[in-house]
Amino acid sequence: LSSLSHFWQLFLKLAQTKSALEDSDRSYQQNVTTLEKIREEWQKEHIKACEFFETQECERINYFRNALWLHVNQLSQDCVQNDEKYEEIRKSLEMCSIEKDIDFFVNLRKTGSLAPAPVVYENYYNTQRNPTPVRSPAPVPISRRGPLPTPTSAPGEPDYATVDGYSLI
């Protein structure tokens, strides 16, 4: 009898263990199914986030590229406009005549063809004054010192870069 009772106790434990095993297996299977659903949901969200970040990066790069492109085009246009102005200045300088410019200035600003008379000393404390101050007998005409220097340029220098060895550059 004791062995029969022991047998029934073992059989009952076996049945309980099988039941617990089946419950654990069902719980494990439900947890695996739940985990798979969570993994699929996370994967969908991850893909959405990656696509959003990719779109954002494309927009950022496109904006930066367009802004830089516009800036470079403006700088390029400024260079073209500057070059056009420089060409106008070069054409104007080509028409420059040093001799004519100096003659024009002299004719415009001249004060006469006679040099000023020398200043004569007069003694105002002496009772006997000179009745007429002594002046130079003839006016001295003003003359040029000689011809103007001819501008020269060394090889590789722009025209009119040096005058009598003095470089403007």
Side-chain angles (χ1 to χ4, degrees), residues 20-122 133-169:
L21 177 68
E22 288 172 359
D23 288 345
S24 293
D25 188 53
R26 269 193 304 276
S27 177
Y28 171 66
Q29 189 176 8
Q30 286 174 349
N31 287 338
V32 167
T33 303
T34 304
L35 179 62
E36 180 58 21
K37 287 179 183 174
I38 291 171
R39 187 195 64 80
E40 287 175 1
E41 186 179 327
W42 176 84
Q43 190 171 2
K44 287 177 187 175
E45 289 297 319
H46 182 73
I47 290 170
K48 281 184 194 176
C50 288
E51 288 172 348
F52 175 77
F53 292 143
E54 182 181 11
T55 301
Q56 228 179 8
E57 190 65 9
C58 287
E59 289 174 1
R60 184 192 69 80
I61 291 171
N62 188 49
Y63 174 82
F64 182 70
R65 177 197 170 276
N66 289 340
L68 194 56
W69 190 280
L70 178 64
H71 181 66
V72 169
N73 281 346
Q74 288 171 340
L75 291 175
S76 178
Q77 183 62 34
D78 288 346
C79 289
V80 169
Q81 290 171 350
N82 286 345
D83 193 51
E84 289 171 356
K85 297 298 179 192
Y86 298 152
E87 186 59 28
E88 287 178 25
I89 292 170
R90 284 189 287 270
K91 287 179 181 178
S92 178
L93 290 173
E94 285 174 355
M95 295 186 298
C96 175
S97 167
I98 296 171
E99 182 73 34
K100 287 180 183 176
D101 284 353
I102 291 177
D103 285 343
F104 175 77
F105 177 81
V106 168
N107 289 330
L108 182 68
R109 302 292 181 192
K110 68 182 174 183
T111 56
S113 60
L114 300 177
V119 177
V120 178
Y121 172 77
E122 292 185 41
V134 178
R135 298 197 184 231
S136 119
V140 178
I142 299 174
S143 64
R144 284 230 162 119
R145 289 183 269 164
L148 292 174
T150 304
T152 59
S153 298
E157 287 184 327
D159 289 340
Y160 303 110
T162 58
V163 176
D164 280 347
Y166 177 77
S167 176
L168 298 175
I169 298 177

Those residues that, when tested against [X], pass side chain to side chain contact (heavy atoms under 4.5 Å, CB included) (two or more places apart):
X	answer
Phe52	Gln56
Glu41	none
Ser97	Glu99, Lys100

- [ ] Write out all pairs satisfying salt bridge (charged side-chain N to carboxylate O under 4.0 Å, His left out) with one or both partners inside residues 58-72, taking only residues at least two apart or from two chains.
- [x]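 Counting only pairs at least two positions apart or across chains, the salt bridge (charged side-chain N to carboxylate O under 4.0 Å, His left out) contacts touching residues 58-72 are Glu57-Arg60.
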Task: Rounded distance [0.5 Å steps], CD1 in Ile38 versus CD in Gln43 - done: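 It is 14.0 Å, given to the nearest 0.5 Å.
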- [ ] Using a 4.5 Å cut-off on heavy atoms from C-beta on, say whether the side chain of Asn62 contacts that of Asn66.
- [x]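 Heavy-atom side-chain distance check passes, below 4.5 Å.
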Open item on the list: Between Ile102 and Ile98, is there a side-chain heavy-atom distance shorter than 4.5 Å?
Closed with: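 A side-chain contact under 4.5 Å exists here.
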Task: Carboxylate-amine/guanidinium proximity below 4.0 Å for Glu40 and Lys37 - done: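 Salt bridge between Glu40 and Lys37, a charged N being under 4.0 Å from a carboxylate O: no.
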Does [X] have any salt bridge (charged side-chain N to carboxylate O under 4.0 Å, His left out) partners at least two apart in sequence or in another chain, and if so, which?
X	result
Lys85	none
Arg39	Glu36
Arg109	none
Glu87	Arg90

Open item on the list: Going by side chain to side chain donor-acceptor pair (under 3.5 Å), name the residues that satisfy it together with Asp23, two or more places apart in sequence or in a different chain.
Closed with: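 Result, side chain to side chain donor-acceptor pair (under 3.5 Å) vs Asp23: Arg26.
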- [ ] Write out all pairs satisfying ring-ring contact (aromatic ring centres under 6.0 Å, His included) with one or both partners inside residues 22-45, taking only residues at least two apart or from two chains.
- [x]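 Non-adjacent pairs meeting ring-ring contact (aromatic ring centres under 6.0 Å, His included): Trp42-His46.
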TODO: Quick one: which residue pairs count as a side chain to side chain donor-acceptor pair (under 3.5 Å) with a foot in residues 68-84, not counting sequence neighbours?
DONE: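 Qualifying pairs, neighbours excluded: none.
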- [ ] Show the numbers, then the answer: is there a salt bridge (charged side-chain N to carboxylate O under 4.0 Å, His left out) between Glu45 and Lys48?
- [x] CA-CA 5 Å; Glu45 289 297 319; Lys48 281 184 194 176; 3.6 Å; yes
Task: Donor-acceptor contact below 3.5 Å, side chain Thr55 vs main chain Glu51 - done: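 Pair found, side chain donor or acceptor close to backbone of Glu51.
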